[in-house]
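Below, chain A is the first sequence line, B the second, and so on; all start at residue 1.
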Amino acid sequence: MTSAPDRKMSISERAMAAAQRPGEAFAGTAGDDAPYLEGLNEEQRAAVLATEGPVLMLAGAGTGKTRALTTRLAHLLNTGRAQPWQILAVTFTNKAAREMKERIEALVGAHVEGMKWLGTFHSIGAQILRRHAELVGLKSSFTILDADDQTRLAKQVIEAADLDVKRWTGRGLAFVIDGWKNRGLTPEKVPENEAWHFADGRGISLYKAYQARLTTLNAADFGDLLVHNLTIFQNHPDVLEEYQRRFKYMLVDEYQDTNVAQYLWLRLLAQKHKNICCVGDDDQSIYGWRGAEVENILRFEKDFPGATVIRLERNYRSTPSILGAASGLIASNADRLGKTLWTELEEGEKVKVRGVWDGEEEARLIGDDIEAEQMKGRSLSDMAVLVRASFQMRAFEERFNTLGLGYKVVGGPRFYEREESRDALAYLRLIRSPDDDLAFDRIVNKPKRGLGDKALQTLHKIARANDMPLMAASRLALEGDDLAKAARRSLLNFVDTIDRWARDAKDMAPADLAELVLEESGYIEMWKNSKSPQAGGKLDNLKELIQAVSEFDTLEAYLDHVALVSELSESSADGQVWLMTLHAAKGLEFPVVFLPGWEEEIFPSKRSLDENGNAALEEERRLAYVGITRAEESCRISFAANRQVYGRWQAAIPSRFIDELPEEHVEVVSEPGLYGNAASDLASHSAFEGMKLKDDAYYDNPGWRRARAAASSRRAAEPPLIEGRGSTVSVSAPGKSKYKKGQRVFHQKFGYGKISSVEGQKLTVDFEHSGPKKVIDTFVEAA
DNA sequence: CATCCACACCTTTTT
DNA sequence: GGTGTGGATG
């Protein structure tokens, strides 16, 4: 059980925490009746007490997973089974790591400080790599590259290989390399036949070149943090053994999201003590696109014979309606371990499904709902709007702004991805690691120092000829006479200044250094003189950045933090509605949850389906499951008939996921006639009988009347149910269309077109002006 | 070196 | 629809 970012511990948890005076807890008397075990259910308790040997904890949504998990850690510490630094606890996200830390702290107090090995895979991987960097040809001061740096570097590699940069993008190469790294593959280990994944068979050699560049730059990308670990463990058994011995107990959260590299890493480390506890929920695996392998969790028992499997199925979060809807939906997935969530909570309101005319109306109605809830005394921070993709957020932000509703976007544009942040960081990076060419390139002439293209080209040439970093090449260039006089003076000044800062850095607080650098470099001056309207904001951000640095003791710690965390700490928000993607919402819960945009092509995402077919569809469905199960009391799904994408109007049809919701847990509040006979058919359904037709004055326009007319002319034509599991909601109504392939039709928004295929009531029409689109037949008329 | 314009790409999700 | 990049131009 986890909670919204700003939610406090429950009262019982606080009581437990208070009862647990840190010092006394370590007296060693804690046994099976320790106070912190109170209030756990049988399965949770089993998960805490099964300390020895491999354990797989299958924890459904809202079943008190985090509580079981943190109690387990507290138990290990309290019973003296392990010292804080002998426990490896890995999570997938920084948010999860932070939360776990806080909750353990509440249980065992300051002892959490000793838990040096609690963190994300990447941060722990980085820690280990710093200690043994030289074993893979790096210095321990190596820079961690973010996605942007990675792409630039990949692009440089492609350019150096004389390939067409238009055809083979840096992003593309970075993507392929990432895929290999996710599977734990160094260039040597990539199967030959996969060279074709990029640039007509040159994939592997480009990967090699890319790695060589990284070594020269003394840098590691995200994937390297783990792959280098694997290389070190495999080539240096003594190092591996050191860690195997150290980690007496291991704990892995969100195991369903681990990729192959992470899996190998865990397996190597667990070999000695085998006390590994993996927690996960196969139904919440939503990171397949990033290399996560659900198989890892599905085959745990094979990997660790004799594993104890514990299922947490009692849900403390949601009402039976919400659970029922979610369970019914996820039942359509074939590839799952399967579990049955149950709850003792009261029935509560049904999951509401609402169809609306367009995205604007959707945002307006959700805004209204939020205000209505607020009137009833509900706090804004108890409500969340969860979207599939971030571009969907804009409609809501605009609406909330007009209403004056406070909202908080989680995971929006990232602070450290902004231009000024990256520039400032580049200065700091170059000071710490002079080999960091990406940083050098970024700031050598920013602000302008008269080191233009000409000078830079010369430097790059020298660097390439001698296979050295740009900083070293600069020194060399200053000895030779390849540079123009002005450039030479300027470069000398630049190099000297960097050197001086590097000396200063040794005995200076990092925040002071940052301030000094930004001032002396003229960087702040540059923005002050800028006429750009954003300059003010940028200066503010720079101040904020310096403020952030001041929370760290060393420059290193700060730079690592930035690379691995990439967000400023979330300030808690009362009086603000949450707005975030479904991915960002995993692990959170809210009394009221809005799930807009449930339309084919958006959710499930077309792009995802195009790339990965059925596997992707199942992942999208799990994402829907995650969304619904975030809700405690009220869950409101909506879809629009029309939506603007890229500024073009698109007809949309309701998501197949809506059809898959079990009818008995759902209440449909679609505007009547919206989907032609679909909605009216629903009205004839037992569950929806007597549904009041709303006054439709609002919809009194020609297009609408046409749609209505078409709808009523075919009322009760076809049964609305998709066959299969008896009672499911059907909104997209696969009835039979009166239109035929090849027929010419007119559509209110798209104009004239010819039908290219008919599938139930869904037509694919080749419109003369807007190209092929899928539309519901009630929206067109014969032309 | 600054500014303009054409164009491509975008709208999946993140360490 | 907006934004960001890269090339051409003054």
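Within 3.5 Å, no donor on the side chain of A/Arg290 pairs with an acceptor on the base of B/dT13, nor the reverse.
Under the side-chain contact (heavy atoms from CB on, under 4.5 Å) criterion, A/Asp423 pairs with A/Glu419, A/Arg442, A/Ile443, A/Lys446, A/Tyr523, not counting sequence neighbours. For A/Phe121, the ring-ring contact (aromatic ring centres under 6.0 Å, His included) partners are A/Trp265, not counting sequence neighbours. Checked against ring-ring contact (aromatic ring centres under 6.0 Å, His included), A/Tyr407 has the following partners two or more places apart in sequence or in another chain: A/Phe400. Remark: A/Tyr255 pairs with A/Phe300 by the ring-ring contact (aromatic ring centres under 6.0 Å, His included) rule, at least two apart or across chains. Residues satisfying the ring-ring contact (aromatic ring centres under 6.0 Å, His included) test with A/Tyr263, not counting sequence neighbours, are none. Remark: A/Ser608 engages A/Glu620 in a side-chain hydrogen bond (donor to acceptor under 3.5 Å, both in side chains) (not counting sequence neighbours).
Nearest-nucleotide positions on DNA chain B for A/Lys448 and A/Leu623 put A/Lys448 closer to the 5' end. Of the residues near DNA chain B, A/His583 and A/Arg171, the one whose nearest nucleotide (by heavy atom distance) lies more toward the 5' end is A/Arg171.
Using a 4.0 Å heavy-atom criterion, one finds that A/Phe121 contacts no nucleic acid atom at all.
Rounded to whole Å, atom P of B/dT13 lies 13 Å from atom CG of A/Leu579. Summarising the geometry, the separation between CG on A/Asp178 and P on B/dT15 is reported as 13 Å, rounded to the nearest angstrom. Summarising the geometry, the separation between NZ on A/Lys606 and P on B/dC10 is reported as 14 Å, rounded to the nearest angstrom. Atom NZ of A/Lys95 is separated from atom C1' of B/dT13 by 12 Å (rounded to the nearest Å). B/dT11 atom P lies 19 Å from atom CZ of A/Phe396, rounded to whole Å. As rounded to whole Å, 15 Å separates atom C1' of B/dT13 from atom CD of A/Gln284. Between the CH2 atom of A/Trp289 and the C1' atom of B/dT15 there is a distance of 9 Å, rounded to whole Å. Counting to the nearest Å, the P atom of B/dT15 and the CD1 atom of A/Ile286 are 12 Å from each other.
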Practice task
Give DNA chain B the dot-bracket treatment, 5' to 3': Watson-Crick (N1-N3 with N6-O4 or O6-N4) or G-U (N1-O2, O6-N3) under 3.5 Å, [ ] crossing, | other strand.
Solution key: |||||||||......

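In the set B/dT15, B/dC1, B/dT14, the nucleotide with an atom closest to the side chain of A/Thr120 is B/dT15. Side-chain proximity of A/Ala389 to B/dT14, B/dT13, B/dC10: nearest is B/dT13. Minimum atom distance to the side chain of A/Ala584 is reached by B/dT14, of the listed B/dT15, B/dC1, B/dT14.
Using a 4.0 Å cut-off, some side-chain N or O of A/Thr581 falls inside it from OP1 or OP2 of B/dT14. One finds a side-chain N or O of A/Ser390 lying less than 4.0 angstrom from the OP1 or OP2 phosphate oxygen of B/dT13.
Geometric assessment of A/Arg399 against the ring of A/Phe396 yields a negative cation-pi assignment under the 6.0 Å and 45° thresholds. Both tests hold for A/Arg130 against A/Phe142: distance to the six-membered ring centre under 6.0 Å, angle to the ring axis within 45°.
A donor atom on one side chain and an acceptor atom on the other are not found under 3.5 Å apart for A/Asp358 and A/Asn642.
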Under 3.5 Å, which protein N or O atoms sit close to an N or O of nucleotides 6-10 of chain C? Give each pair with its distance.
residue : atom : partner  : partner atom : Å
C/dG6   : OP1  : A/Lys155 : NZ           : 2.8

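The stretch residues 222-232 of chain A participates, sequence neighbours left out, in these salt bridge (charged side-chain N to carboxylate O under 4.0 Å, His left out) pairs: A/Lys181-A/Asp224.
Straight-line distance between the C1' atoms of C/dG6 and B/dT11: roughly 23 Å, to the nearest whole Å.
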